[in-house]
Amino acid sequence: MENFNDTAKSIAEDAVRYAMQSGIRLDYTGESAQNVDAFLGACHDSLDKYDGDEGAKTLWNVAVLFGTYTGEMLLRCGLAEKGFTWVEDDGLPILSIPGSQTAVSPITKAHKRILNGEEDSMKSFVDVVFSAVNGEWPKTGVLRVPDVETASGKKIERIVLKESDYYISLVAEGKEDFVIFKSHDGFFQFYGIGNQFVCEAWFNLGGRRAYALINPDCTNTERVDLVTPFGEYTPRELDIISLEQLKTAVYEYFSNLEETDFLAKVPHERMEM
């Protein structure tokens, strides 16, 4: 996406000038993400002023402007040295290392910051990106922001905790056969219906490992029939968890960046690979 790599610099400078009109300084340092937060936060606080298609278009254009600035700041602050560049993903400019699965989407994040408020903080996003590319994932203070994939093929980038209930309900109501939350270190997947679910967590940093989430109140390891929209299965009764247990496990997955911290919070058994 060579054209956008050239255009992005001009768009970022437009963001700098636009922010300056509101007395907000953007200087391409990592700390300037706080100022991006301040500007986009003001947009979030005034969402009621952006009605209809025109309002939605204006907010998207603001997200493109400040998301592009954030991307250019990340490139200047070290991502370019790591091999990142602007590439196209379904028509949307993202930052990625060509030929790899490593990618971040500052424009999408800026749009979510406007729509969702502080929980989609640009400062936290930038901190996570810097930590990720340096192999130093923080243990506390930052929630997982995984991508989600559904059985029907929907793929949504970087969802937040409060959005997870919606995807859980899709499976519980039989509208989706399964849902997968994909994070930096693996993925979390579940299928089932009503109040019976089978759930697994897979991790692949420093070696691949998989865990079955289990019902701590059940000791029966015999196989039982489980019929779901995804098919018929014979899991151990121990492996079938309730909707409430699934919601708790998802909460812990979003709230713990480290594999060991997550596993300490949820009943599980190691799966043979």
| task | Taking the side chain as every heavy atom from C-beta outward, state whether Tyr167 and Ile159 have any atom pair closer than 4.5 Å. | result | yes
| Which class fits the ring pair Phe181 and Phe190: parallel under 30°, tilted 30 to 60°, perpendicular over 60°? | tilted
| Is there a chain of hydrophobic side chains (I, L, V, M, F, W, Y, each step under 4.5 Å between heavy atoms) that links Tyr166 to Val171? | yes
| Nearest non-hydrogen partners of Pro106 and Gly67, listed with the distance | CB-O, 3.3 Å
| field | Check: Thr228 side chain, Phe230 main-chain N or O, donor-acceptor pair, under 3.5 Å | value | yes
| said: Is it true that Ser164 and Tyr253 share a donor-acceptor pair across their side chains at a distance under 3.5 Å? | reply: no
| request: With sequence neighbours left out, write down each residue that passes side-chain hydrogen bond (donor to acceptor under 3.5 Å, both in side chains) with Thr150, or none if nothing qualifies. | output: Ser152, Glu176
| request: For residues Leu65 and Ile11, report the shortest heavy-atom separation together with the two atoms involved. | output: CD1-O, 3.6 Å
| Exercise: do Thr85 and Asn5 side chains pair donor with acceptor under 3.5 Å | yes
| said: Within a 6.0 Å radius of atom OH on Tyr28, are there more than 12 heavy atoms belonging to other residues, nucleotides or ligands? | reply: yes
| Partner set under side chain to side chain contact (heavy atoms under 4.5 Å, CB included) for Thr219, not counting sequence neighbours | none
| query | Closest approach of Leu263 and His268, non-hydrogen atoms and distance? | reply | O-CE1, 3.2 Å
| Which heavy atom of Ala110 sits nearest a heavy atom of Ala63, and at what distance? | CB-O, 3.6 Å
| remark: For Pro216 and Gln245 the tightest heavy-atom approach is CD-NE2, 3.7 Å
| said: Would the distance check show the side chain of Asp225 and the main-chain N or O of Thr234 forming a donor-acceptor pair, the cut-off being under 3.5 Å? | reply: no
| request: State whether a side-chain donor-acceptor pair under 3.5 Å links Tyr211 with Glu259. | output: yes
| field | N/O donor-acceptor pair under 3.5 Å between Asp120 side chain and Asn116 backbone | value | no
| query | Just checking, any donor-acceptor pair under 3.5 angstrom between side chains of Asn195 and Ser242? | reply | no
| task | For Cys199 and Leu246, work out which heavy atoms get closest and say how close. | result | SG-CD1, 4.2 Å
| query | Any chance the rings of Phe39 and Phe66 have centres within less than 6.0 Å? | reply | yes
| query | Under 3.5 Å, is there a donor-acceptor pair between the Ser183 and Asp185 side chains? | reply | no
| message | Can you list everything that forms a side chain to side chain contact (heavy atoms under 4.5 Å, CB included) with Ala201? Sequence neighbours excluded, please. | response | Phe188, Phe203, Leu213, Phe262
| task | With the side chain counted from C-beta on, respond yes when Arg208 and Trp202 share a heavy-atom pair under 4.5 Å apart, and no when they do not. | result | yes
| said: The test is side-chain contact (heavy atoms from CB on, under 4.5 Å); show your working for Met122 and Thr70 and say whether it passes. | reply: CA-CA 8 Å; Met122 295 299 289; Thr70 302; 3.5 Å; yes
| task | Output the distance between atom CD1 (Ile114) and atom CG (Asp45), rounded to the nearest 0.5 Å. | result | 11.5 Å
